[in-house]
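Data first, discussion second: the structure below is written as structure tokens.
Computation of the quantities below employed the complete heavy-atom set of this structure, encompassing side-chain atoms and omitting hydrogens, waters and symmetry-equivalent molecules.
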Amino acid sequence: MNIDRRPLQNRVTPFGDIVAIAQRGLFTGNRGIIHDPETKTLSRRRWTSKAWLICTCDYGDRRRDVMAGRSWTELFFLDEAVALAAGHRPCFFCRREAALSFRAAWTDGARASPSARELDAVLHSERLSGGRKRIHPLSSPLAELPDGTMVVASDSAYTIASGRCFRWTEAGYLGPEAGVTADGMLTPPSTVNALRAGYRPVIHPDIASFLTGSTL
């Protein structure tokens, strides 16, 4: 039997692109139905809903055959920092505790909590510019950005953790780099504000390992 082991086009980069790479992710998620289940290939559309979600890969006893049905298109992210940078947010169904924490940090003491639809509307306005990933001005120096913020520098994406910059690649994160000059933020400003207000995204454990052994 000839089994096609090529990766599906369902990995999301910090730039919001959906690519075919062999990167394993900590999270799944979706943007609606954007694939053909017969061929397991993407349509020309890259979203059919403003609700761009970050979901757990392991929810109870549920198992899904990826891209086999028409309920939603399974996408995958290296970690939550990447998913947030791409413009996604925690799912209120399978990650309810994280979603409530995200919304609480988003409002940061405001009396009225936004609905999921209101969150999605704001995020959608911050995701794109002319149909392409929107790059936002830095809200503070790199060393002062909250953990989990992602920035772009010379066309590369970096996750900020403990004031240091870790480059995202198709193979995973590289060790901390000094002297990075960022061109802007990939993470939407509203999400950065939530990170600054206390939301703690799940960052890939490789970064913690790098920090533990870092001498920079």
Side-chain angles (χ1 to χ4, degrees), residues 2-100 102-103 115-135 148 150 157 159 168-172 186-188 190-191 201-204:
N2 183 20
I3 300 177
D4 189 350
R5 299 187 181 279
R6 292 176 296 179
L8 297 174
Q9 187 181 357
N10 59 7
R11 272 64 167 182
V12 181
T13 77
F15 298 93
D17 298 323
I18 307 174
V19 298
I21 57 177
Q23 184 181 88
R24 294 188 64 83
L26 298 181
F27 292 96
T28 186
N30 76 91
R31 304 174 181 178
I33 303 170
I34 56 174
H35 75 286
D36 180 344
E38 292 188 6
T39 62
K40 293 193 174 185
T41 58
L42 295 187
S43 66
R44 296 184 65 181
R45 302 186 71 175
R46 290 298 177 264
W47 67 88
T48 57
S49 168
K50 292 182 180 180
W52 293 21
L53 305 180
I54 309 169
C55 301
T56 179
C57 289
D58 183 11
Y59 184 72
D61 295 327
R62 300 189 184 191
R63 296 291 182 271
R64 295 176 62 91
D65 186 0
V66 175
M67 285 191 176
R70 291 286 294 172
S71 57
W72 47 276
T73 301
E74 299 89 347
L75 305 175
F76 295 91
F77 316 91
L78 179 62
D79 63 7
E80 195 170 11
V82 170
L84 293 173
H88 291 243
R89 55 128 176 117
C91 173
F92 276 93
F93 180 70
C94 66
R95 299 188 66 220
R96 185 163 182 79
E97 184 176 345
L100 292 174
F102 181 78
R103 181 166 64 183
S115 66
R117 180 173 294 182
E118 290 169 333
L119 289 175
D120 295 332
V122 173
L123 283 173
H124 201 68
S125 71
E126 296 180 345
R127 291 169 185 148
L128 305 167
S129 177
R132 304 191 61 172
K133 175 64 177 171
R134 187 173 176 183
I135 308 300
M150 294 199 75
T159 290
W168 176 94
T169 74
E170 292 184 5
L186 294 172
T187 309
S190 294
T191 299
V202 178
I203 299 177
H204 199 278

(request) Carefully, step by step, assess Gln23 and Val82 under the rule side-chain contact (heavy atoms from CB on, under 4.5 Å). (result) CA-CA 12 Å; Gln23 184 181 88; Val82 170; over 6 Å; no
Under 3.5 Å, side chain of [X] to main-chain N/O of [Y], donor-acceptor pair present?
{"X": "Asp17", "Y": "Val19", "result": "no"}
{"X": "Arg95", "Y": "Pro90", "result": "no"}
{"X": "Arg103", "Y": "Ala116", "result": "no"}
{"X": "Arg127", "Y": "Lys50", "result": "yes"}
{"X": "Thr73", "Y": "Ile33", "result": "no"}
{"X": "Gln9", "Y": "Leu42", "result": "no"}
{"X": "Glu74", "Y": "Met67", "result": "yes"}
{"X": "Ser129", "Y": "Arg132", "result": "no"}

Can you give me the closest heavy-atom contact between [X] and [Y], atom names plus distance?
{"X": "Leu84", "Y": "His88", "value": "CD2-O, 3.4 Å"}
{"X": "Gly16", "Y": "Ala86", "value": "CA-CB, 3.8 Å"}
{"X": "Ala20", "Y": "Pro7", "value": "CB-O, 3.7 Å"}
{"X": "Ala68", "Y": "Pro37", "value": "O-CB, 3.4 Å"}
{"X": "Ala81", "Y": "Met150", "value": "O-SD, 3.6 Å"}
{"X": "Thr159", "Y": "Gly148", "value": "CG2-CA, 4.3 Å"}

Rounded to the nearest 0.5 Å, what's the gap from [atom1] on [X] to [atom2] on [Y]? Could you check?
{"X": "Phe15", "Y": "Trp168", "atom1": "CZ", "atom2": "CH2", "result": "8.0 Å"}
{"X": "Cys91", "Y": "Asn30", "atom1": "SG", "atom2": "CG", "result": "8.0 Å"}
{"X": "Asn10", "Y": "Ile21", "atom1": "CG", "atom2": "CD1", "result": "9.5 Å"}
{"X": "Arg24", "Y": "Arg11", "atom1": "CZ", "atom2": "CZ", "result": "8.0 Å"}
{"X": "Phe76", "Y": "Cys55", "atom1": "CZ", "atom2": "SG", "result": "10.0 Å"}
{"X": "Cys94", "Y": "Asp58", "atom1": "SG", "atom2": "CG", "result": "10.5 Å"}

(request) Kindly check if the number of other-residue, nucleotide or ligand heavy atoms within 6.0 Å of NZ (Lys133) is above 12? (result)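 Atom NZ in Lys133 is crowded, with more than 12 foreign heavy atoms closer than 6.0 Å.
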If you define the side chain from C-beta out and look only at heavy atoms, does anything of [X] sit under 4.5 Å from [Y]?
{"X": "Thr191", "Y": "Phe102", "result": "yes"}
{"X": "Val12", "Y": "Arg31", "result": "yes"}
{"X": "Ile135", "Y": "Leu186", "result": "yes"}
{"X": "Leu53", "Y": "Trp72", "result": "no"}

(message) Parallel, tilted or perpendicular, judged at 30° and 60°: which one describes the rings of Trp52 and Trp47?
(response)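 Aromatic pair Trp52/Trp47 classed tilted.
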(request) Go through the steps for Val202 and Asp79 under the test side-chain contact (heavy atoms from CB on, under 4.5 Å), then give the verdict. (result) CA-CA 6 Å; Val202 178; Asp79 63 7; 5.7 Å; no
(request) Go through His35 and Thr41 one step at a time and tell me if the side-chain contact (heavy atoms from CB on, under 4.5 Å) criterion holds. (result) CA-CA 5 Å; His35 75 286; Thr41 58; over 6 Å; no
(message) Which residues pass the ring-ring contact (aromatic ring centres under 6.0 Å, His included) test with Phe27, not counting sequence neighbours?
(response)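 If we apply the ring-ring contact (aromatic ring centres under 6.0 Å, His included) test to Phe27, skipping adjacent residues, there are no hits.
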(request) Decide side-chain contact (heavy atoms from CB on, under 4.5 Å) for Glu80 and Leu26; before the verdict, give the C-alpha distance in whole Å, the side-chain angles of both, and the deciding distance to 0.1 Å. (result) CA-CA 8 Å; Glu80 195 170 11; Leu26 298 181; over 6 Å; no
